[in-house]
Amino acid sequence: MTAAQYAALLGLWIAGIISPGPDVLLILRNAFLTTRGKAMLTAVGVMIGNLMWITLSLTGVTLVINSNHVLKLVIQIAGALFLARMGYGSLRAGLATRALHRAGTGSTPPADPAAAAGTIGGPAFSKAGGLLGTRNLTPGKALLQGAITNLANAKAIVFFIALFATVVPADILWWEGLIALALLMAVGLAWFLAVAWFGSVPALARRFQARSAEVEIAAGVVFLLVAVLLLVEVVVAG
């Protein structure tokens, strides 16, 4: 690959990752409602997901997935259902917290807004507040949330196919692929860590924590909308 091709690849990559989506939303939610460390681990988790997508793209697996209608359909539906589940849990937590405030149970939101909704993820995620919520969020769960949310967005298949088909030659050498992988990972990690850092600035985070119900509701609505759009694409494409 030439320097111009690497530059074009990075340009398209930056344009893609800075666009608002489930990854950025999740990182900001965890930054606003938990801690900077957990938000940064969420960002690392997102990049673990991207590492998998990039590796699959460089090895041609995403092309195989895209050409297999049934496999692609399963991935799209599973991803949409996961995002819908996360959206439902976040929306439920926010509405429960708002209801408690209106009932006069406290003048300030609880430190853990998701706790108001009980077990966010339902029976399957009943321990420690659920895998998908912010209640009792552990470093491991933050990492896992980032990775799964990234992998659940099946639109990444189309994005990475377009990204690599546009500027990456078919006869790319293995070491050129490693350079491309390192560049994309470095830039992506820097961006998502910056989002986590900015969202967890104490003065900003305190403001959003004071509006924790609204943050959870907004996040839930957006996750649900993304899930619906993914399912609509499945129906239209089918």
Side-chain angles (χ1 to χ4, degrees), residues 16-17 19-35 37-57 61-62 65-66 71-94 114 117 119-160 184-185 188-189 191-193 195-196 199 215-216 218-231 233-234:
I17 62 175
S19 302
D23 295 337
V24 172
L25 176 63
L26 178 70
I27 293 169
L28 287 177
R29 187 199 69 170
N30 287 354
F32 294 154
L33 302 182
T34 61
T35 65
K38 290 171 184 176
M40 288 190 165
L41 281 171
T42 305
V44 173
V46 166
M47 284 311 300
I48 290 175
N50 276 317
L51 173 62
M52 295 182 67
W53 285 122
I54 295 169
T55 302
L56 291 176
S57 298
V61 176
T62 51
I65 294 174
N66 194 54
L71 180 57
K72 183 180 178 182
L73 188 66
V74 170
I75 293 174
Q76 288 176 317
I77 293 175
L81 291 178
F82 173 83
L83 293 176
R85 185 65 167 174
M86 177 168 282
Y88 164 75
S90 191
L91 184 61
R92 179 181 168 190
T119 57
I120 291 176
F125 305 108
S126 60
K127 294 183 179 180
L131 172 64
L132 310 182
T134 54
R135 179 190 177 194
N136 296 331
L137 185 65
T138 64
K141 287 181 181 178
L143 193 71
L144 194 57
Q145 279 185 6
I148 296 178
T149 300
N150 179 268
L151 292 171
N153 188 1
K155 294 184 73 172
I157 297 175
V158 177
F159 169 73
F160 279 104
L184 296 182
M185 287 297 295
L189 187 60
W191 164 249
F192 288 118
L193 287 177
V195 171
V215 172
E216 290 281 19
V221 169
V222 174
F223 276 124
L224 287 171
L225 284 176
V226 172
V228 169
L229 289 174
L230 289 174
L231 290 174
E233 286 186 6
V234 170

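Values in this document were obtained by computation on a predicted structure and should not be read as measured data. By convention here, the first residue in the shown sequence is residue 1.
Taking CG from L33 and NZ from K38, the interatomic distance works out to 11.5 Å, rounded to the nearest 0.5 Å. Rounded to the nearest 0.5 angstrom, K141 NZ and T34 OG1 are separated by 12.5 Å. Separation of atoms CG (L144) and OG1 (T149) is listed at 9.0 Å; rounding is to 0.5 Å. Atoms CG and CG, from L229 and L225 in turn, are 6.5 Å apart once rounded to the nearest 0.5 Å. With rounding to the nearest 0.5 angstrom, the CD atom of Q145 is 5.5 Å from the CG atom of L26. Distance CG/N50 to CZ/F192: 5.5 Å, rounded to 0.5 Å.
Each of I148, I48, T42 was compared with L143 under the side-chain contact (heavy atoms from CB on, under 4.5 Å) criterion, and only I48 meets it.
The minimum heavy-atom distance between A80 and L230, with the atom names listed, is CB-CB, 3.9 Å. A pairwise comparison of heavy atoms in V234 and I77 identifies CG1-CG1, 4.2 Å as the closest pair. Of all the heavy atoms in P22 and V226, the pair that sits closest is CG-CG1, 3.9 Å.
With hydrogens and angles disregarded, no donor-acceptor distance shorter than 3.5 Å links the side chain of S90 to the backbone of M86. Remark: side-chain polar atoms of W53 are not paired, donor with acceptor, to backbone N or O of F160 under 3.5 angstrom.
Within 6.0 Å of the CE atom in M52, the count of heavy atoms belonging to other residues, nucleotides or ligands does not exceed 12.
No side-chain heavy atom of K155 sits under 4.5 Å from any side-chain heavy atom of Q76.
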Evaluation steps, side-chain contact (heavy atoms from CB on, under 4.5 Å), between V24 and W191: CA-CA 10 Å; V24 172; W191 164 249; 4.3 Å; yes
